[in-house]
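Throughout, protein chains are lettered first and strands after them, A, B, ... in sequence-line order, and every chain is numbered starting at 1.
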There are 2 protein chains.
Amino acid sequence: MTTRRTGLREQKKQATRQALRAAALRLALERGPDNVRVDDIAEAAGVSPRTYNNYFSSREQAIVAAVTGEREARVAAAVADRPGGVGLADAVIEAIVDQYTAPGEPGQDALLLITTRPALRDAFIDTTAAIEHPLTDAIAERLGDGAGAGDGDGDGERDPHTARVLAASVAAAVRVALEHWLRTTAASVTAGGLVVPSGSLPDLLRATLAPLAPALDAAEQRALRRRRR
Amino acid sequence: MTTRRTGLREQKKQATRQALRAAALRLALERGPDNVRVDDIAEAAGVSPRTYNNYFSSREQAIVAAVTGEREARVAAAVADRPGGVGLADAVIEAIVDQYTAPGEPGQDALLLITTRPALRDAFIDTTAAIEHPLTDAIAERLGDGAGAGDGDGDGERDPHTARVLAASVAAAVRVALEHWLRTTAASVTAGGLVVPSGSLPDLLRATLAPLAPALDAAEQRALRRRRR
DNA sequence: CAAGAATTGTGCGTGTGCGCAAATTTGCGT
DNA sequence: ACGCAAATTTGCGCACACGCACAATTCTTG
């Protein structure tokens, strides 16, 4: 009811997407990421090279997607699941910290690979942009834009901008945090010789998102006041 | 003392960059943007195609750069020039409105061309990312991070994150505003048949940036309080 | 003023992104 | 069960982004 449009189509689609991600990561780990052609990935996944490009627009995207998974959807769900009692800022910040802290499946070697190669780091950072639209919907929901089931792109809401701006700002802040994290960890890797998994990524995320808390809470107060009217 | 590093080198560099921008826009206007190969642009600017790619990584970037110019530097300068009396939020918002309202040189036909073609619209939207770093420096300056002349990437400041996050958020908000503006104007163009230059872009920018004002002012208050200590 | 260092323009080759149109698969109505 | 419409895959082809090695020009230092 939520995401299935026809059932079998979407299922097969996700299957091939999954196969491509897995193949890309596996090959990138076996040989270096520079010794992997897109033809190899396509062949390993059992599809045509052209089909591969229908799913991912770059080789790095596929590799990174194997690690990030469906983080964007999980973030949105996490925001929606927080009880209404906590403030919007806390809800958003903690939801993000949760989703970016839970290592889930990513093997440490995959993360090392990503932090090492610049192209992969960039692709990993670009991933944060994907959380913007789901997060927009989640925030709009919490702000109580009562105007129906528009999926975020319609112009029917009371204030179309606030949710979008806040979501975009949060995504940008997360990107800033990841950039900083990748820079420092990369530096420490170069210096120490052994990988330092993190300088406490949760704390860094909280510190980076903190400046946005006033904006989030102010928007929530505005929404409450307007709704009460 | 500000931007010149060696003098003649930078001068020639800006000259070729300018030549490439101008050639790209001129050719894109004469023929359609789809009938312009990068070889043509390079030839019109008198450089090799390879050199062209040293300056712009896509054909659309070059065309759009002819219109946007050095907007990023002007935004930063505008923020820095506001008197210290006005709040940070007002300073940033009005500076941005000024720079995005002043049409400057862009001919209306060039703007029409950009709003029409999707690829050019995307490139135009991506331009907003460029204001992030200059804006970071300007905001950091206003927040009075007293720790020396670091150009924004050093870690020597008191709070390295706030300025970066705020600048990134502002850039993201501007991007949201431009996306909305381009969508609606494109729709009205399709509907009306004649181009509608804007539905008051300044007001749209102000409305889109408004949700960030609490964050900007809160950061300023924090900085003041910390500095007084 | 001369030699060295650094930066920029250039040619070449490779891998890749993507538009287009035909072929195949899937969903749905009857 | 069958056929029509929509969506997806695939092959083809072209233009392009980018790494690498090298030549030319400019800045620096003795």
Grab the [atom1]-[atom2] distance between [X] and [N] for me, whole Å please.
X      : N      : atom1 : atom2 : result
B/D40  : D/dA15 : CG    : P     : 10 Å
A/D122 : D/dA17 : CG    : P     : 17 Å
B/D34  : D/dA15 : CG    : P     : 12 Å
B/Q14  : C/dT8  : CD    : P     : 11 Å
B/I41  : D/dA17 : CD1   : C1'   : 14 Å
B/Q11  : C/dT8  : CD    : C1'   : 15 Å
B/L20  : C/dT8  : CG    : P     : 15 Å

Please list, one pair per line, the donor and acceptor atoms closer than 3.5 Å that link side chains of residues 15-25 of chain A to other protein atoms, with sequence neighbours excluded.
residue, atom, partner, partner atom, Å
A/T16, OG1, A/K12, O, 3.0
A/T16, OG1, A/K13, O, 2.8
A/T16, OG1, A/Y55, OH, 3.0
A/Q18, OE1, A/R21, NH2, 2.8
A/R21, NH1, A/E70, OE2, 3.3

Using C1' atoms of five pairs at each end, report the bend of the helix from C/dC1-D/dG30 to C/dT30-D/dA1 rounded to 10 degrees.
40°
Please name all residues satisfying side chain to side chain contact (heavy atoms under 4.5 Å, CB included) with [X], sequence neighbours left out, ordered by chain then number.
X      : answer
B/I125 : B/R175, B/E179, B/L182
A/E30  : A/R26, A/L27
A/A207 : B/H161
A/P118 : none

Using the test salt bridge (charged side-chain N to carboxylate O under 4.0 Å, His left out), find all partners of A/D34 that sit at least two apart in sequence or belong to another chain.
A/R117
Who are the salt bridge (charged side-chain N to carboxylate O under 4.0 Å, His left out) partners of A/R31, not counting sequence neighbours?
A/D40
Could you tell me whether the phosphate oxygens of C/dT7, OP1 or OP2, come under 4.0 Å of any side-chain nitrogen or oxygen in B/K13?
no
Base versus backbone protein contacts along nucleotides 12-19 of chain C [heavy-atom cut-off under 4.0 Å; B, S, -]:
B--SSBBB
Which pairs count as ring-ring contact (aromatic ring centres under 6.0 Å, His included) when at least one residue sits in residues 30-51 of chain A, sequence neighbours excluded?
none
For A/Q14, is the CD atom crowded, meaning more than 12 foreign heavy atoms sit under 6.0 Å from it?
yes
Go through the structure and list residues passing side chain to side chain donor-acceptor pair (under 3.5 Å) with A/D98, not counting sequence neighbours.
A/R82
Under-3.5 Å N/O pairs linking protein and nucleotides 23-25 of chain C:
residue, atom, partner, partner atom, Å
C/dT25, O2, A/R9, NH2, 3.2

What contact category does B/S48 fall into here, base, sugar-phosphate, or nothing, at under 4.0 angstrom with non-hydrogen atoms?
sugar-phosphate
Is there a side-chain contact between A/W181 and A/T208 (heavy atoms, below 4.5 Å)?
no
